[in-house]
Undergrad: 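The structure follows.
Chain naming here is simple, since letters A, B, ... match the order of the sequence lines and numbering starts at 1 in each.
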Amino acid sequence: MSGLPQWTPELIQAEIDALKHKPGALLPILHAIQDRFGYVPTEAVPQIGDALNQTRAEIHGVISFYHHFRTSEPGSHTLQICRAEACQSMGSRALEAHAKASLNVDYHGTTADREITLEPVYCLGNCACAPSVRIGDDIHGRVSPEKFDRLVSRLTTRALELK
Amino acid sequence: MTTRIFVPCDTTALAMGADAVAAEIARQAKTRGAQIEIIRNGSRGLFWLEPLVEVETAAGRIGFGPVEVDDIAALVEAGLFEGAAEHPLALGLVEEIPFLKNQQRLTFARSGITDPVSVEDYLALDGFRGLEKALQLNNQEIVDEIKVSGLRGRGGAAFPTGIKWQTVLNAPAEQKYIVCNADEGDSGTFADRMVMECDPYMLIEGMAIAGLAVDATQGYIYLRSEYPVAHRLMNLAIERAYAAGYLGDNLMGSGRRFDLEVRLGAGAYICGEETSLLESLEGKRGLVRAKPPLPAIVGLFGQPTVVNNVLSLAAVPFIMHKGGETYASYGMGRSLGTLPMQLAGNVKRGGLIELAFGATLRQLMEDFGGGTFSGRTLRAVQVGGPLGAYLPESQWDTPLDYESFAAVGAVLGHGGVVMFDDTVDMGEQARFSMEFCVVESCGKCTPCRIGSTRGVEVIDRIRANENREANLELLADLCDTMVDGSLCAMGGMTPFPVQSVMKYFPEDLQR
Ligand SMILES: Cc1cc2nc3c(=O)[nH]c(=O)nc-3n(C[C@H](O)[C@H](O)[C@H](O)COP(=O)(O)O)c2cc1C
Ligand code: SF4
Ligand code: FES
């Protein structure tokens with residue numbers, strides 16, 4: 001759906017093997033898996049545990065501690081809205097309300113067409129041109145509700161062109 | 001002759017459309033057969049002007065901004081490529097723009113001038129001169145130079161950097177580490193990001209010097225995952241620094257070694273706290289460790305470790321090159337050198353302002369910032385990130401130095417200034433402080449983990465006008481408990497913004 005490959009135990013193992021020699025390898029491994037497949041499948045946990053000689057509980061504890069890691073498949077695009085103070089001072093609360101209403105999802109939810117997963121973020125470092133939104137690796141500044149709608153419609157049209 | 005045109009590539013310029021602007025300029029040049037070269041420079045940090053397009057002329061670099069794609073045809077028509085444009089977006093010589101001209105840029109002297117990932121550009125502007133100098137000195141001489149500079153950690157706690165390095169130098173060990181704290185989680189801060197995106201070799205150089213000072217051969221930059229542009233540029237710069245011999249096993253042909261790697265965080269504010277950061281680097285949950293032992297003695301993987309903020313390490317090349325005394329000649333009292341302040345939120349001219357310590361907050365917000373973006377009355381200012389107090393107008397004349405801020409119960413932290421106009425509901429801001437702590441607490445101690453949840457509930461009851469007096473008393477009590485009973489500054493400082501709202505904006509808790 002998201003254009004990312006479907007995970008298999010072999011592909012997961014390849015990501016683990018490429019990084020497990022590093023000191024403190026767990027976060028790099030989790031990033032690599034999530035970057036490649038969009039999330040960290042629950043089935044990967046014992047595989048990682050075996051490679052690093054750690055228990056499943058330890059690995060799971062790490063995944064659940066960090067906001068960035070997710071354990072289920074996201075939509076085609078991840079859209080983050082900054083909730084931190086500089087963005088608040090420029091109207092991000094209204095922007096959040098608009099986004100949730102127009103996409104008809106709450107934070108951590110994915111739209112019914114599985115296009116967009118909405119997430120909160122606390123500062124993108126674009127605080128002088130707030131409010132800020134991140135879509136994939138692109139950051140957008142001075143995002144009004146109207147600009148938000150334009151960004152979203154651009155995403156959905158592009159996705160259609162791909163099909 | 002080919003005209004050089006600069007279009008910045010930092011996060012904010014990109015967020016305001018710099019890529020499309022660069023592409024359109026290239027297209028227009030092609031159709032007109034104009035000989036131009038587009039250079040993707042870093043940002044000057046004049047963010048209200050981004051994308052700020054600069055054209056190199058015999059007289060200097062002429063600026064135009066903020067440029068939108070739709071402006072370009074008319075700009076080219078008006079003589080953009082000749083740099084002689086009479087145009088509403090024309091700004092004249094960039095170096096003469098008061099916002100920039102009135103700064104004292106030591107750390108950010110190169111920012112926005114060069115292509116950030118070009119080693120040649122860096123060398124042309126005094127790059128690696130500090131490292132060259134450090135290679136001629138012994139450990140103690142390097143550490144002494146840092147001590148003379150008076151540099152205090154720019155990450156928030158303001159601990160003297162020279163003393164930290166001395167501790168690591170004195171700790172005998174086979175392996176030591178330099179860890180750069182690039183977590184920059186505070187709202188309203190972007191100076192670390194700008195270093196990494198606009199002048200990354202300066203950070204590489206600072207870390208290599210730190211390595212030489214304390215005999216550490218491995219460095220890690222712990223970078224937050226919220227900064228994809230910094231991640232890409234920093235990695236590219238590291239790769240090129242290796243290729244050019246400024247990293248690796250033979251630094252500038254000296255036979256000395258320093259390796260450097262970027263590690264990504266994963267969206268946890270608490271991982272900016274140094275011990276939590278080390279846990280995270282080790283591959284664990286970011287739970288705060290009790291101190292002592294200090295990381296300088298038992299740090300990463302149990303080894304002596306320097307943990308410094310990006311700005312602290314970025315100040316090091318200047319100090320080594322120009323001397324600690326030169327650096328210390330800026331500033332006031334015990335706050336020496338320059339402080340890169342970051343002006344954000346509801347501000348007309350937001351951006352990065354590097355000044356010697358001692359200017360006042362009001363000068364920053366009025367002279368540089370030009371007041372609010374909305375044009376409405378300024379009501380409150382939060383300085384020092386989400387754990388910093390909200391300052392009312394009576395405190396805006398406080399000088400920007402660590403001790404003066406502490407004297408009014410505020411913190412400078414990482415130098416972030418977030419402005420709010422009079423539409424702000426301070427009750428809502430107080431609630432958010434507690435809510436942020438609920439989301440970001442590492443969970444190790446009760447006052448922080450449970451206290452913040454109770455804090456949100458109590459504030460909700462106050463805002464709903466339930467038993468207001470009793471609940472206000474309860475909130476005051478809860479804040480005291482968190483301040484006194486928390487293991488680290490997350491729980492220990494979350495009450496600061498809340499208490500400042502109770503004290504200076506009580507009417508907003510009475511609606
Ligand atoms: C909750 C919390 C968050 C912090 N976040 C950061 C951060 O994002 N960046 C940073 O450099 N220091 C941060 N610090 C301060 C670090 O613990 C540490 O003091 C600093 O990295 C030391 O470097 P310095 O001496 O160069 O300032 C934080 C501290 C706390 C308690
Ligand atoms: S104060 Fe909060 S963040 Fe700090 S150690 Fe305690 S629970 Fe963790
Ligand atoms: S507060 Fe939203 S980008 Fe920094």
Undergrad: Which members of residues 15-25 of chain A, sorted by number, sit under 4.5 angstrom from chain B on a heavy-atom basis?
TA: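 The stretch touches chain B at A/Lys22, A/Pro23, A/Gly24.
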Undergrad: Is there a donor-acceptor pair closer than 3.5 Å between any side-chain N or O of A/His31 and the backbone N or O of B/Ala266?
TA: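 Answer holds: no.
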Undergrad: Which answer fits B/Glu184, side chain, backbone, both or neither, if we ask what part of it has an atom under 4.5 Å from a heavy atom of chain A?
TA: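 For B/Glu184, there is no contact with chain A at all, as no heavy atom is under 4.5 Å.
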Undergrad: In terms of heavy-atom proximity below 4.5 Å to chain A, should B/Met419 be classed as side chain, backbone, both, or neither?
TA: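 For B/Met419, the backbone is the part near chain A, not the side chain.
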Undergrad: Under a 4.5 Å cut-off applied to non-hydrogen side-chain atoms, are A/Ser64 and B/Arg285 in contact?
TA: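 No, every pair of side-chain atoms sits at 4.5 Å or beyond.
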Undergrad: Mark yes or no for whether B/Ser187, through its side chain, and A/Cys123, through its backbone, hold a donor-acceptor pair below 3.5 Å.
TA: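 Absent.
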Undergrad: Checking B/Phe373 against chain A: side chain, backbone, both or neither under 4.5 Å from a heavy atom?
TA: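 Answer is side chain: those atoms of B/Phe373 sit under 4.5 Å from chain A.
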Undergrad: For the residue pair B/Phe436 and A/Tyr122, is the inter-centroid distance of their aromatic rings smaller than 6.0 Å?
TA: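 Yes: the rings meet the under 6.0 Å criterion.
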Undergrad: Chain B heavy atoms under 4.5 Å from A/Val62: which part of the residue, side chain, backbone, both or neither?
TA: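 For A/Val62, backbone and side chain are both near chain B.
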Undergrad: Take B/Glu435 and A/Arg83 through the salt bridge (charged side-chain N to carboxylate O under 4.0 Å, His left out) test and state the conclusion after the steps.
TA: CA-CA 11 Å; B/Glu435 192 190 342; A/Arg83 294 198 66 208; 3.1 Å; yes
Undergrad: Below 4.5 Å from any heavy atom of chain A, which atoms of B/Val417 appear? Answer side chain, backbone, both or neither.
TA: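 Contact with chain A is absent: no heavy atom of B/Val417 under 4.5 Å.
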Undergrad: Any side-chain heavy atom of B/Cys442 sitting closer than 4.5 Å to one from A/Phe65?
TA: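 A side-chain contact exists here, since the closest heavy-atom pair is under 4.5 Å.
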Undergrad: Does some side-chain heavy atom of A/Met90 sit less than 4.5 Å from a side-chain heavy atom of B/Phe420?
TA: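 No, their side chains stay 4.5 Å or more apart.
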Undergrad: Could you tell me which portion of B/Leu352 (side chain, backbone, both or neither) has an atom closer than 4.5 angstrom to a non-hydrogen atom of chain A?
TA: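 Neither part.
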Undergrad: With a 4.5 angstrom heavy-atom cut-off, which part of B/Thr189 approaches chain A: side chain, backbone, both or neither?
TA: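 Only the backbone of B/Thr189 comes within 4.5 Å of chain A.
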Undergrad: Check whether B/Ser280 gets within reach of chain A through its side chain, its backbone, both or neither, counting any heavy atom under 4.5 Å.
TA: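 B/Ser280 touches chain A through backbone and side-chain heavy atoms alike.
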Undergrad: Pick from B/Gly283, B/Gly350, B/Ala15: which one has the most heavy-atom pairs with chain A under 4.5 Å?
TA: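 Counting heavy-atom pairs under 4.5 Å, the top option is B/Ala15.
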Undergrad: Roughly how far, to the nearest 0.5 Å, is CG of A/Asn126 from OH of B/Tyr227?
TA: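 Atom-to-atom, B/Tyr227:OH and A/Asn126:CG are 9.5 Å apart.
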Undergrad: Can you check whether A/Pro28 reaches B/Leu264 side chain to side chain, under 4.5 Å on heavy atoms?
TA: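 The answer is no; the side chains never approach within 4.5 Å.
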Undergrad: Where does B/Glu50 contact chain A at under 4.5 Å (heavy atoms): side chain, backbone, both or neither?
TA: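 Contact with chain A: none, neither part.
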Undergrad: Between B/Glu226, B/Arg263, B/Arg193, which residue shows the highest count of heavy-atom pairs closer than 4.5 Å to chain A?
TA: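 Sorted descending by pairs with chain A, the first entry is B/Arg263.
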Undergrad: Below 4.5 Å, heavy atoms only, C-beta onward: do A/Glu58 and B/Lys284 meet side chain to side chain?
TA: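 A/Glu58 vs B/Lys284: side chains apart.
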Undergrad: Using a 4.5 Å cut-off on heavy atoms from C-beta on, say whether the side chain of B/Val439 contacts that of A/His67.
TA: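 Of all side-chain heavy-atom pairs linking B/Val439 with A/His67, at least one is under 4.5 Å.
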